[in-house]
Amino acid sequence: MAAGSDAAGASAGALDKPSAAAPGAVPGSAPRYICFLCKRKFKSAPLLTRHKQLSELHRRNITRQDEEIQQRKDELRQISSQVRRQMQELDVAISKHQPPDEDLQNQRAGLEQKLRQAVAEYGSAQEKLEASRHQQVMERAGGGSTGPMLTKHTEVHELRYGRLSLSAGAASWQGNKEVQEDRYILDIDLEAPEGQRVVGFCVMDGHSGSLCVDALMEWLPRNLQKCILAKPSLTEENLRQAVTEACVLTDDEFLAKAREREVLDGTTMILGLIYPPDESRSGNSSRSSGSMRLLIANVGDSRAVLCRAQGGQLSAVRLSDDHKPGRADERKRIEAKGGVVDMQGVWRVFTPGPANFGGRSVLWGLAVSRAFGDLLMKEPQCYGCTAATGELVSAMPEIHTYDLHPTEDRFLILACDGVWDVLGDDDAVAVCIEHRSADLAAHALIRRAFEIGSDDNITALVVAWQPTDSEASAPTADASDAKRARGAE
């Protein structure tokens, strides 16, 4: 549902559930086994699959197709840069005329239209390239089980939680990077000691390889469940402790693996958990129907943003603080341990000198101040950096908790820095409210980030909710709602 400035007139959830998919082939029609790329017909599905897996012709055609798309993308980038320069020159010329010159203004309007067309085509070209990449991975896998590292570019998971109907949609593009190191989890489903249910969503942004982010995909939900069940009850304090313990445990497990393999892989994380309010807390009697609590745990520079109705407007509320080395408290912590914080394009944390790692001398730097993995930044003193006295990069999560009011709070965005490097919080919310479902909103957000210049992997996860009409029992664990939907390779 498109949302305007009148928040009171919007539905309880700014994003609705996706509509049913259109039917595929015409009932009763004969199956067609065609490779349209190679313009060849086959007598059966296994023969078509074999062709896509083994045919050299098919591989050459895919390569040629992707090269043509990439060439067109390069042309469109050049066109966009040229048009932007022309617009800047016109702005200078227009500013010198009082009253404004109508002819110059018309020229600028024409350039704006040309830029919009180029940007839209640039996004469409990447859409085709992402589809091709995904199809190639599917073909190499033989069309079998996708597993945790192979999913659709846009995915949705729906569930009931207490008096809320939740819809979580995620989208992920490799973008202009050589590899995809982003991941997401749509369906964390946890059980508390007394039977209460906690549901969650997570976006992770890997770097220096995919070992750490893939380990987090597998181990973090397991460790969250382990640490929550170790508590006597589900209180806010216990949940905070459990999340912290799970993050530290997961990091320790991966660092042990990293020491064995001598790898530098790491990842950030933004985690959202929805849980029932603690009725023992004061003030709970005034809660609106369907109210829940939201915990946001952040490690790194991915971010959580909430869309909220305030004063008749839908606005963005940032729920997490980015962990950048230039942040005053982060810089103080790093420098106290002997690390170096310097501006090199962006603020980075560096080891105080070269380290001996993997049989070579390296001076290592990182653009985030907290992350999982990053062995050299966790134990620099073990690799020849004697000036360092402890971990320069921490996996300790920064945790915030909030009341979630379904009639005021509309949806939640979790996204990696591939989105936030080019879009502000309000811009991201404005993109999402134009779409009827969480998955379409997430897809529109990553495409918009790509179109306006993001060169990183780009991943966004949007969670929308609506109060249900019928009374629902208190949130408890329900295994039937769990449907694995893991992040993209």
Side-chain angles (χ1 to χ4, degrees), residues 21-22 24-25 29-80 117-155 170-184 206 209-211 213-214 418 439 442-444 446-451 453-460 485-489:
S29 62
R32 301 168 64 193
Y33 307 107
I34 303 173
C35 176
F36 292 97
L37 182 63
C38 300
K39 299 178 181 179
R40 293 189 61 185
K41 295 181 181 179
F42 297 88
K43 294 182 178 180
S44 66
L47 289 176
L48 175 58
T49 299
R50 180 178 175 83
H51 163 74
K52 291 181 176 180
Q53 288 178 318
L54 303 177
S55 169
E56 184 62 31
L57 171 66
H58 189 68
R59 281 193 291 269
R60 286 199 306 268
N61 285 338
I62 287 177
T63 299
R64 184 175 67 252
Q65 173 186 262
D66 290 353
E67 287 173 348
E68 291 173 353
I69 294 173
Q70 187 61 52
Q71 182 179 355
R72 182 56 181 162
K73 279 176 55 186
D74 293 341
E75 293 171 355
L76 290 165
R77 289 186 72 148
Q78 292 176 7
I79 291 170
S80 298
Q117 292 173 346
V119 165
E121 187 179 347
Y122 181 63
S124 296
Q126 187 64 26
E127 190 98 49
K128 295 176 183 177
L129 190 58
E130 296 291 342
S132 175
R133 288 167 172 167
H134 180 71
Q135 184 63 31
Q136 290 174 61
V137 175
M138 287 286 290
E139 288 169 1
R140 287 195 296 270
S145 175
T146 58
M149 261 60 76
L150 175 58
T151 63
K152 301 173 183 177
H153 296 300
T154 304
E155 201 159 356
S172 187
W173 277 10
Q174 182 175 319
N176 287 327
K177 296 193 74 174
E178 291 298 319
V179 293
Q180 170 63 290
E181 295 173 329
D182 283 359
R183 303 287 188 268
Y184 60 80
S210 299
L211 286 176
V213 71
D214 287 340
D439 55 324
H443 177 265
I446 65 168
R447 174 161 172 164
R448 180 59 180 159
F450 180 82
E451 288 177 346
S454 180
D455 284 327
D456 203 348
N457 297 151
I458 314 172
T459 299
R486 297 276 176 115
E489 167 85 6

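Contacts of Arg77 classified as side-chain hydrogen bond (donor to acceptor under 3.5 Å, both in side chains), with partners at least two apart in sequence or in another chain: Tyr122, Asp455. Residues passing the salt bridge (charged side-chain N to carboxylate O under 4.0 Å, His left out) test with Arg72 are Glu75, Glu121, sequence neighbours excluded. Contacts of Arg447 classified as side-chain hydrogen bond (donor to acceptor under 3.5 Å, both in side chains), with partners at least two apart in sequence or in another chain: Ser124, Glu127, Glu451.
Other residues, nucleotides and ligands place more than 12 heavy atoms under 6.0 Å from the NZ atom of Lys177.
The line from CD of Gln136 to NE2 of His58 is 7.5 Å long, rounded to the nearest 0.5 Å. Note that NZ of Lys128 and CD of Gln70 are 13.5 Å apart. Values are rounded to the nearest 0.5 Å. In this structure, Glu68 CD and Gln65 CD are separated by 7.5 Å, a value rounded to the nearest 0.5 Å. Atoms CG and CZ, from Leu57 and Arg40 in turn, are 7.0 Å apart once rounded to the nearest 0.5 Å. Rounding to the nearest 0.5 angstrom, the gap separating the CD1 atom in Ile69 from the CZ atom in Arg64 is 12.0 Å. In this structure, CD on Glu181 lies 9.5 Å from CG on Asp214, to the nearest 0.5 angstrom.
Of the charged side-chain nitrogens involved, at least one lies within less than 4.0 Å of a carboxylate oxygen, so that Arg59 and Glu56 count as a salt-bridged pair.
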Derivation of the side-chain contact (heavy atoms from CB on, under 4.5 Å) call for Gln135 and Ile62: CA-CA 10 Å; Gln135 184 63 31; Ile62 287 177; over 6 Å; no

CA sep, side-chain torsions, deciding dist, call: Asp182, Trp173, side-chain contact (heavy atoms from CB on, under 4.5 Å): CA-CA 9 Å; Asp182 283 359; Trp173 277 10; over 6 Å; no

Checking Thr459 against Arg183 for the side-chain contact (heavy atoms from CB on, under 4.5 Å) test, could you report, in this order, the C-alpha distance in whole Å, the side-chain angles of both residues, the deciding distance, and whether it holds? CA-CA 8 Å; Thr459 299; Arg183 303 287 188 268; over 6 Å; no

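Of the possible donor and acceptor atoms, none in the side chain of Glu155 sits under 3.5 Å from a partner among the backbone N and O of Asp439. Without hydrogens or angle criteria, Ser454 side chain to Gly418 main chain gives a donor-acceptor distance under 3.5 Å. Judged purely by atom type and a 3.5 angstrom limit, Asn457 uses its side chain to pair as donor or acceptor with the backbone of Val179.
For the pair Cys35 and Phe42, the tightest heavy-atom approach, listed with the atom from each and the gap, is CB-CE1, 4.2 Å. Minimum heavy-atom separation, Tyr184 to Ser172: CE2-CB, 4.1 Å. Nearest heavy-atom pair across Glu130 and Gly175 is OE2-N, 2.8 Å. Contact between Ile79 and Ala118 at its shortest, heavy atoms only, is CG2-CB, 4.2 Å.
There is no side-chain donor-acceptor pair under 3.5 Å between Thr63 and Glu67. Judged by distance alone, the side chains of Ser132 and Asp66 do bring a donor and an acceptor atom under 3.5 Å apart.
Contact check for Arg448 versus Val119: side-chain heavy atoms found under the 4.5 Å cut-off.
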